[in-house]
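All remarks here apply to the structure that follows.
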Amino acid sequence: MTPAARLAAAIEILQDWHEHPGKIDRRLAEWGRRHRFAGSKDRAAIADRVYDCLRHWRSDGALCEASSIARGRAHVLASALREHRNLAPVQEIFGQGVHAPAALTASELSAARAFLTAAPLPDWPAWLMPDLISSVPDPELLIARQRQRSPLDLRVNRLKTEPSKIIKSLQAMGCEAAQGPLSPDCLRLEKPRSLTGTEIYQSGLIEIQDAASQAVALLAAQGMAPGSLMLDLCAGAGGKSLAMAACAPQARFYAWDIDRARMQDLGPRAKRAGARIEIVSSGKLEGLRGRCDRVLVDAPCSGSGTWSRDPDQKWLFTEARLAELVDMQARVLDEAATFVRPGGWLVYATCSVLRAENEAAIEQFAARAPGQFAPVDLKQVWQAAGLGTISPFSAPGCVRFDPVAQQTDGFFVAILHRAPKTR
Ligand SMILES: C[S@@+](CC[C@H](N)C(=O)[O-])C[C@H]1O[C@@H](n2cnc3c(N)ncnc32)[C@H](O)[C@@H]1O
């Protein structure tokens, strides 16, 4: 496909997404199935363009409002203008050949000129701006960060290998990687690429996992004694369970998720990784009440800390959904607390940057269970986990990873300690 034909494809996909909003990765996959002539490089270039447009959806919308250009076309035009910082090369691409988008009209040209010099609107849902402002120290920096593509981080499986060996294997494939932030097991790729078909992935030597997500697992499992018991109550596909099991191999890991189908890959992933994780039945789960040394709640959340990876979700998120999630988080925290033994830890994590889903959830939990849980000394846990420079603590026992400085997802974690039994 020519560069112009790729732009035309991105226009078609975005127009369809605008008219029928939904998950963009599925939309891109469907498009690929219907257009078999498109090669892998074409599909990757089209996806990059579509994601770039979605990361700038609100700011680029200005172009569309100024000139009534259809949404798909306006966003791709804006993306091309951002890429070239100049109208002439963009004007050459539009209208070039039979598969290209139509040539720019006079009104589109004048809207494009104005767009090149206008100050962009913040790429964050307007209704959620007040929450962002009250949640993070520098909202503009976070928004700017989420306009960029996220790096690709790997977790090297310390049960099977070590980072230096993986760096060499990657080099042999023509792929450069270096030590990533936070966890010593984290490698960051210079250029993101798909690794799921490679031998190092298939044989369980690596997992694809954001650096902050890895760090949450390291904190949660830090210092677990042999034989001690961890329940991952919202295990999903098991990213955190696998990382925890790798750093405390003598401990026992139990995984549960209300949606059992989400855990279907966990068994094969654990087998590949050589990790021991038991997916529990509801009967077994009952028997764990009050007995777990650690319980991790990797809570269902807005995912607002990952909106650079999933920019479509940013524009589909609603006020009603936020209220629903806050309610769900409170219920799952209360439920999780019943599994923690006296003296054990309750670990709560989200990939959200919103205070309502993070510090506020912990404050409200503490108010519902007064005197039962207290924040742990997170500084000490952080140092023992070997996570390097300490991120600022946002409240006692709570830490927010720094998505701007460390280019990670915006994770939050709180660790609470259950009061020991008193006579
Ligand atoms: C953020 S995802 C978990 C991701 C996973 N821990 C990982 O690292 O790959 C949240 C999960 O919580 C599950 N969930 C939601 N409500 C729950 C509940 N009340 N009890 C258990 N799991 C729940 C969802 O099905 C979803 O899989």
Side-chain angles (χ1 to χ4, degrees), residues 58 122-147 150 182 210 212-213 215-216 219-220 234 240 296-311 313-337 346-370 373-376 378-379 381-382 390-417:
R58 186 166 173 226
D123 279 302
W124 188 264
W127 66 270
L128 199 53
M129 277 306 291
D131 295 59
L132 180 67
I133 291 165
S134 61
S135 296
V136 301
D138 199 332
E140 276 183 29
L141 282 182
L142 183 82
I143 291 173
R145 152 79 180 91
Q146 291 195 336
R147 285 192 183 118
S150 284
L182 299 162
D210 175 76
S213 171
V216 167
L219 290 171
C234 298
K240 308 275 183 323
L296 170 64
V297 177
D298 188 16
C301 71
S302 60
S304 53
T306 64
W307 280 348
S308 147
R309 293 181 203 282
D310 300 315
Q313 298 307 308
K314 171 156 58 174
W315 311 114
L316 301 176
F317 192 55
T318 62
E319 225 165 332
R321 180 67 182 147
L322 177 58
E324 195 183 359
L325 284 165
V326 166
D327 194 46
M328 217 185 276
Q329 288 152 0
R331 278 187 280 121
V332 77
L333 256 174
D334 290 349
E335 172 77 358
L346 175 58
V347 183
Y348 174 80
T350 71
C351 54
S352 168
V353 294
L354 300 174
R355 200 180 179 283
E357 300 185 272
N358 296 335
E359 293 85 354
I362 295 301
E363 282 161 23
Q364 285 153 17
F365 169 72
R368 290 193 300 277
F373 285 86
V376 301
L378 206 44
K379 195 170 174 183
V381 182
W382 186 282
I390 299 175
S391 289
F393 298 106
S394 58
C398 300
V399 72
R400 281 168 174 264
F401 291 90
D402 187 344
V404 175
Q406 296 185 308
Q407 300 279 298
T408 64
D409 286 343
F411 266 90
F412 168 86
V413 66
I415 306 186
L416 307 173
H417 176 250

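On a predicted model such as this, the values are computed, not experimentally measured, just so you know. Numbering starts at 1 and runs along the sequence shown. Atoms considered below: every heavy atom in the structure, side chains included; atoms not considered: hydrogens, waters and symmetry mates.
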Nearest heavy atoms of [X] and [Y], plus distance in Å:
X	Y	value
Ala349	Val216	CB-CG1, 3.8 Å
Gln329	Ala299	CG-CB, 4.1 Å
Arg145	Ser150	NH2-OG, 3.2 Å
Asp402	Thr408	O-OG1, 3.8 Å

With heavy-atom distances below 4.5 Å as the criterion, would you say the side chains of [X] and [Y] are in contact?
X	Y	value
Leu346	Leu333	yes
Ile362	Phe412	yes
Asp409	Ser213	no
Cys351	Cys301	yes
Asp210	Arg309	yes
Pro139	Leu142	no
Leu378	Ile415	yes

[X]: side chain to side chain donor-acceptor pair (under 3.5 Å) partners, not counting sequence neighbours:
X	result
Gln146	none
Glu319	none
Gln407	none
Ser352	Ser302, Ser304, Glu357

Residues that [X] engages under side chain to side chain contact (heavy atoms under 4.5 Å, CB included), provided they are two or more places apart:
X	answer
Pro122	Arg58, Met129, Ile143
Pro125	Trp127, Leu128, Trp307, Lys314, Trp315
Ala374	none

Qualifying side-chain hydrogen bond (donor to acceptor under 3.5 Å, both in side chains) pairs with a residue from residues 132-143, counting only residues at least two apart or across chains: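 Sorted result for residues 132-143: empty, none.
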
Set of ring-ring contact (aromatic ring centres under 6.0 Å, His included) partners for Tyr348, sequence neighbours left out: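 Tyr348 satisfies ring-ring contact (aromatic ring centres under 6.0 Å, His included) with no other residue.
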
Any residue meeting ring-ring contact (aromatic ring centres under 6.0 Å, His included) with Phe365, in chain and number order, not counting sequence neighbours: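 Phe373.
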
Check: Asn358 side chain, Leu354 main-chain N or O, donor-acceptor pair, under 3.5 Å: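 Yes, because the side chain of Asn358 sits within donor-acceptor range (under 3.5 Å) of the backbone of Leu354.
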
Asp123: salt bridge (charged side-chain N to carboxylate O under 4.0 Å, His left out) partners, not counting sequence neighbours: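 Counting only residues at least two positions away or on another chain, Asp123 forms a salt bridge (charged side-chain N to carboxylate O under 4.0 Å, His left out) with Arg147.
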
Salt bridge (charged side-chain N to carboxylate O under 4.0 Å, His left out) against Arg355, all qualifying residues, sequence neighbours excluded: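 Counting only residues at least two positions away or on another chain, Arg355 forms a salt bridge (charged side-chain N to carboxylate O under 4.0 Å, His left out) with Glu363.
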
Stepwise side chain to side chain contact (heavy atoms under 4.5 Å, CB included) test for Thr306 and Gln313: CA-CA 9 Å; Thr306 64; Gln313 298 307 308; over 6 Å; no

